[in-house]
Protein chains: 2
Amino acid sequence: MIEDGFYYDFKYDPGFTPEDLQRISQEMEKISAEGHAIEREEMESGAAIEMFRSAGEDFKAEIIEDLAEATVSLYLQGDFVDLCRGPHVPSTKRLKAFELLSVAGAYWRGDERNPMLQRIYGTAFADRKALKLHLARIEEARKRDHRKLGKALGLFSFHQEAPGCPFFHPDGATVYNLLVDYIRGLYGRYGYQEVITPQILDVDLWHRSGHYENYRENMYFTSVEEREFAVKPMNCPTHCLMYSEQVRSYRELPVRMADLGRLHRFERSGVVHGLTRVRSFSQDDAHIFCTPEQIQSEIQSVISMIRSAQEVFGFSETRTYLSTKPGKAIGDASMWERAEAALHAVLESDGGEYSVNEGDGAFYGPKIDFCILDAMKREWQLGTVQLDFFLPERFDLKYVDSAGAHQRPVMIHRAVLGSIERFMGILIEHTGGALPLWLAPVQTRLVTVTDRQNEYATRVEATLKARGLRAKADLRNEKLGFKIREAQQNKVPVIAVIGDREVEQGSVSPRLRGGSQLDSMTVDEFAGWLVERSVPGDGGVP
Amino acid sequence: MIEDGFYYDFKYDPGFTPEDLQRISQEMEKISAEGHAIEREEMESGAAIEMFRSAGEDFKAEIIEDLAEATVSLYLQGDFVDLCRGPHVPSTKRLKAFELLSVAGAYWRGDERNPMLQRIYGTAFADRKALKLHLARIEEARKRDHRKLGKALGLFSFHQEAPGCPFFHPDGATVYNLLVDYIRGLYGRYGYQEVITPQILDVDLWHRSGHYENYRENMYFTSVEEREFAVKPMNCPTHCLMYSEQVRSYRELPVRMADLGRLHRFERSGVVHGLTRVRSFSQDDAHIFCTPEQIQSEIQSVISMIRSAQEVFGFSETRTYLSTKPGKAIGDASMWERAEAALHAVLESDGGEYSVNEGDGAFYGPKIDFCILDAMKREWQLGTVQLDFFLPERFDLKYVDSAGAHQRPVMIHRAVLGSIERFMGILIEHTGGALPLWLAPVQTRLVTVTDRQNEYATRVEATLKARGLRAKADLRNEKLGFKIREAQQNKVPVIAVIGDREVEQGSVSPRLRGGSQLDSMTVDEFAGWLVERSVPGDGGVP
């Protein structure tokens with residue numbers, strides 16, 4: 001969405017009004033209809049500078065001066081000449097489906113001491129249908145903005161005292177903790193062991209791990225007793241310390257350490273964005289220490305975990321990217337070969353398509369990134385699995401092999417959902433706030449018609465809660481329609497209306513968030529119905 | 001235990017050897033038998049200084065000089081004269097049951113530029129029986145030192161890179177998370193709502209809350225974008241921010257916000273101690289915002305929660321302390337009166353005894369501290385409930401009363417177990433590491449007699465795990481006796497021995513940690529037996 005500019009806060013300069021955009025659009029349509037040929041021309045830089053200066057286009061002249069190249073390329077259409085590397089369409093006729101979307105003020109060359117310019121954001125497609133679909137998705141994304149929904153649904157808030165650090169309200173914390181529970185369930189199934197490690201550690205450690213050298217711009221530092229400490233941006237070094245506490249035998253491997261510890265990474269206050277770009281978050285982070293022979297089966301297991309999560313959250317369209325050895329890399333060549341072969345083999349057997357980004361791996365090992373497309377077809381990276389031949393060296397990690405010799409283990413960094421905060425932001429937008437039953441902070445709201453049913457509703461609430469369900473009785477002295485509408489706005493999955501008939505029969509009459517009405521059922525049947533559908537991955541309630 | 005010096009790391013100065021202590025002890029016994037009268041005498045300070053100087057006791061002379069009082073009191077016994085405020089026993093005959101325990105080096109007046117002295121720690125009781133009981137408890141405490149047990153049981157470790165910040169190993173993290181689950185269960189029952197708040201917040205907030213003024217020596221500071229931030233030592237200010245986000249009606253109160261957020265409080269590296277004195281921890285912390293009329297029922301509910309926890313963890317001996325209005329206090333007098341009357345009333349109806357520490361409350365409100373005695377009869381404070389009239393002022397917190405007028409809510413700080421880390425340390429010492437079944441990291445270990453039973457044991461393990469039990473099969477090719485002994489050393493509550501007979505019958509033969517042997521039962525019966533006893537507070541397995 002970045003190219004459409006919607007997600008940037010900008011100081012709106014009223015230099016261009018919506019009416020201006022409309023007039024510009026009309027002019028563009030005219031130009032398109034006229035079918036001007038667009039031609040490329042090379043010009044000697046000095047001549048180009050002179051030409052633009054005499055036309056009053058000083059900014060373009062300045063760019064050419066800074067480029068310091070012998071010639072530049074220009075594009076001509078009618079009497080308009082632009083400076084551009086290209087490529088361009090051959091004729092203005094080709095631009096039939098376009099839309100001007102917004103305007104932003106921007107300082108020339110991003111420097112606030114320079115003049116302020118106006119940038120008009122637009123988008124173009126091959127036909128009107130594709131454009132309309134795109135615009136509809138933008139509009140949908142605007143409505144689903146998790147920052148708006150998060151506020152409307154009472155999930156979280158922000159305060160100026162802590163930029164980029166969300167305050168999760170009770171309902172938001174419920175969702176957060178349910179996501180953590182889900183992850184812990186996966187850990188149980190896939191043989192991970194959770195650990196809890198410190199957050200503030202001596203800078204010596206960060207020098208040793210290489211984070212100080214490569215990442216310190218994003219770290220928080222603090223000092224006590226004349227010792228410098230850093231707030232951890234990642235868990236890996238603490239896990240290396242724990243691995244090295246004891247002599248490890250090959251029989252113990254793989255060791256799979258999971259850590260939901262809170263991380264802090266400095267982001268400029270201008271770029272933090274809702275839950276999707278924060279300064280403080282927890283990841284479903286884990287590190288696997290294994291023998292080189294175990295790489296393939298471990299990666300296999302990680303992928304299975306990631307695919308299972310993609311399915312549970314209903315991300316049916318996915319993208320997978322394998323990044324291989326870059327020019328500058330550590331670790332011996334045979335290790336890289338073996339590792340990359342293992343990754344290829346696992347991805348082949350995984351069955352899905354994947355793209356290879358040759359040479360795009362980290363210097364310390366190859367990696368696979370797992371992306372999903374959300375309901376608006378936007379791509380988000382969630383899972384990742386990265387081999388690391390570097391940290392085991394840095395921390396001199398070892399295991400004793402079956403012959404009694406010391407060997408270096410391989411370290412695998414991996415995440416399934418990534419940052420819980422960011423995942424929650426993505427999920428809110430993907431679902432439009434209509435979280436699945438198993439994640440909804442309130443699963444069912446019991447709505448009474450009059451005060452007469454309040455006692456019964458309170459009892460039903462208690463019964464459902466005793467079954468571990470998140471039920472809430474709305475006993476306010478408000479009109480039924482008002483209470484139902486509010487529950488719908490709050491995206492409560494199941495609304496149970498309770499009138500005199502329900503009290504008499506000891507029943508409830510559930511209606512689903514999507515609009516459909518179920519047959520009335522006993523409280524016990526209702527509890528069973530909800531429990532059955534409160535399982536991760538159960539599409540259950542529309 | 002502090003008076004016995006066991007828990008201080010000290011540089012042992014070999015000036016006094018154990019043999020010296022023995023000889024000193026013998027001399028003390030002689031002096032005791034001789035029955036010297038001990039007499040008090042007042043002396044003019046100048047004369048006392050002269051007397052001590054001429055006896056070569058320059059330190060005592062120095063103390064008298066610094067006291068700058070007209071006279072000092074001396075105690076005489078035989079030919080020995082000591083400087084002391086008293087009181088003393090009337091005769092050395094009275095000292096029959098004593099023991100010299102240890103020696104520590106200490107700089108004169110605690111300043112490392114001064115000479116090093118030797119301090120001999122000793123203890124005395126009215127009779128030998130009381131002394132022996134005390135010494136047995138000290139010995140027991142030494143054996144149960146949670147730092148030793150934590151290491152032996154693989155629960156946690158420390159690294160020099162993070163003084164006072166525990167690394168919880170998988171088994172330790174399991175216990176930690178089970179304690180958190182237990183607390184969350186209480187939250188559900190007592191109507192608390194969990195929130196998640198940031199850890200790093202602008203110093204402006206800490207100025208506003210008064211923490212900067214009163215607590216900054218214990219805080220960590222960090223700076224980004226030329227703004228100063230502090231790592232939170234407490235959650236209260238973030239909860240005040242959340243409370244003030246919206247207009248609150250009296251109908252919404254009480255609001256009970258719980259927060260398990262990680263806190264950081266600087267402690268000097270010389271005083272951090274295992275889990276019981278750390279720099280980084282989470283509390284079962286909550287803040288209640290209520291009307292003055294609700295104080296009594298809220299305190300009642302908190303006490304009920306605390307009593308329930310004391311019972312669950314088997315702390316049968318407790319102490320309760322009410323601290324009342326100090327000389328310097330904020331808030332109007334009628335508020336204090338009403339609050340203290342409420343606290344008294346609730347404590348009276350609670351039934352247990354309580355002591356009143358007159359004038360010992362905080363300047364911002366009265367409080368009740370809840371202490372327990374552990375198995376070694378040591379007193380620990382766990383729970384606390386503190387009224388606060390100050391922060392609601394500082395944050396201008398309000399609610400709209402039934403007449404539509406703005407009122408100031410009362411804020412109640414309260415904790416049940418306090419810091420989870422510290423509680424875990426206390427619990428390990430209280431139980432000697434033999435955690436109750438519901439908290440044990442491994443509840444049952446399945447011990448095979450030979451390899452022939454491994455497949456069956458693996459299946460039993462899976463069956464138990466599927467029931468949510470923490471079972472672990474020990475399939476190692478070791479002698480049965482060795483495997484059982486190890487499980488006992490690891491304080492595993494239930495050891496299930498599996499031989500050919502068990503495989504044939506599809507059964508297990510459980511033996512309990514305490515030594516007793518149960519009748520053999522089917523795997524299903526065994527699972528049911530364990531599940532039934534895996535409930536917080538169930539004494540269950542000895």
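All values below were derived from every heavy atom in this structure, side-chain atoms included, with hydrogens, water molecules and symmetry-related copies excluded. Order of the sequence lines fixes the chain letters, A, B, ..., with proteins taken first and strands second; residue numbering starts at 1 for each chain.
- If you tally non-hydrogen atom pairs under 4.5 Å between each of A/T238, A/V224, A/L201 and chain B, the highest count goes to A/V224.
- When heavy atoms are compared at a cutoff of 4.5 Å, B/Y176 approaches chain A solely by way of its side chain, counted from C-beta outward.
- Contacts with chain A were tallied for B/K465, B/R279, B/Q246; B/R279 has the most, counting heavy-atom pairs under 4.5 Å.
- Residue A/A173 comes nearest to B/V195 through the heavy atom pair CB-CA, 4.0 Å, listed as atom of the first residue, atom of the second, then distance.
- Between the side chains of A/S269 and B/E225, a donor-acceptor pair is found at a separation under 3.5 Å.
- Using a 4.5 Å cut-off between heavy atoms, A/P237 does not touch chain B at all.
- Annotation for B/C165 and A/P198: closest pair O-CG, 3.4 Å, computed over non-hydrogen atoms.
- The greatest number of non-hydrogen atom pairs below 4.5 Å with chain B, out of A/A258, A/G164, A/P166, A/G188, is found for A/P166.
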Applying side-chain contact (heavy atoms from CB on, under 4.5 Å) to B/Q193 and A/H169, what does each step give before you reach the verdict? CA-CA 9 Å; B/Q193 293 190 302; A/H169 290 225; over 6 Å; no
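- Residue B/K483 places its NZ atom among more than 12 non-hydrogen atoms of other residues, nucleotides or ligands, all under 6.0 Å distant.
- B/T222 contributes a side-chain N or O that, together with a main-chain N or O of A/F221, makes up a donor-acceptor pair within less than 3.5 Å.
- The pair A/E161-B/K232 does not count as a salt bridge, with every side-chain nitrogen at least 4.0 angstrom from each carboxylate oxygen.
- Of the atoms belonging to A/F266, it is side-chain heavy atoms, and not backbone ones, that fall under 4.5 Å from chain B.
- Residue A/R268 touches chain B through both its backbone and its side chain, counting heavy-atom pairs closer than 4.5 Å.
- Contact tally against chain B (heavy-atom pairs below 4.5 Å) for A/S280, A/S157, A/S223: the top residue is A/S157.
- Between A/F229 and B/P163 there is a side-chain heavy-atom pair separated by less than 4.5 Å.
- Within the 4.5 Å cutoff, the side chain of B/F168 has no heavy atoms near those of the A/T197 side chain.
- Heavy atoms closer than 4.5 Å to chain A are found in the side chain of B/N177, but not in its backbone.
- Minimum heavy-atom separation, A/Q160 to B/R227: O-NH2, 2.9 Å.
- Residue B/E245 touches chain A through its side chain alone, counting heavy-atom pairs closer than 4.5 Å.
- Neither the backbone nor the side chain of B/T174 comes within contact range of chain A, judged by heavy atoms closer than 4.5 Å.
- In this structure, CG on B/L241 lies 13.5 Å from CZ on A/F158, to the nearest 0.5 angstrom.
- In this structure, the side chains of A/H264 and B/I200 come closer than 4.5 Å at one or more pairs of heavy atoms.
- Only the side chain of B/H159 comes within contact range of chain A, judged by heavy atoms closer than 4.5 Å.
- Heavy atoms only, all atoms of each residue included: A/R262 and B/I196 are closest at NH2-CG2, 4.0 Å.
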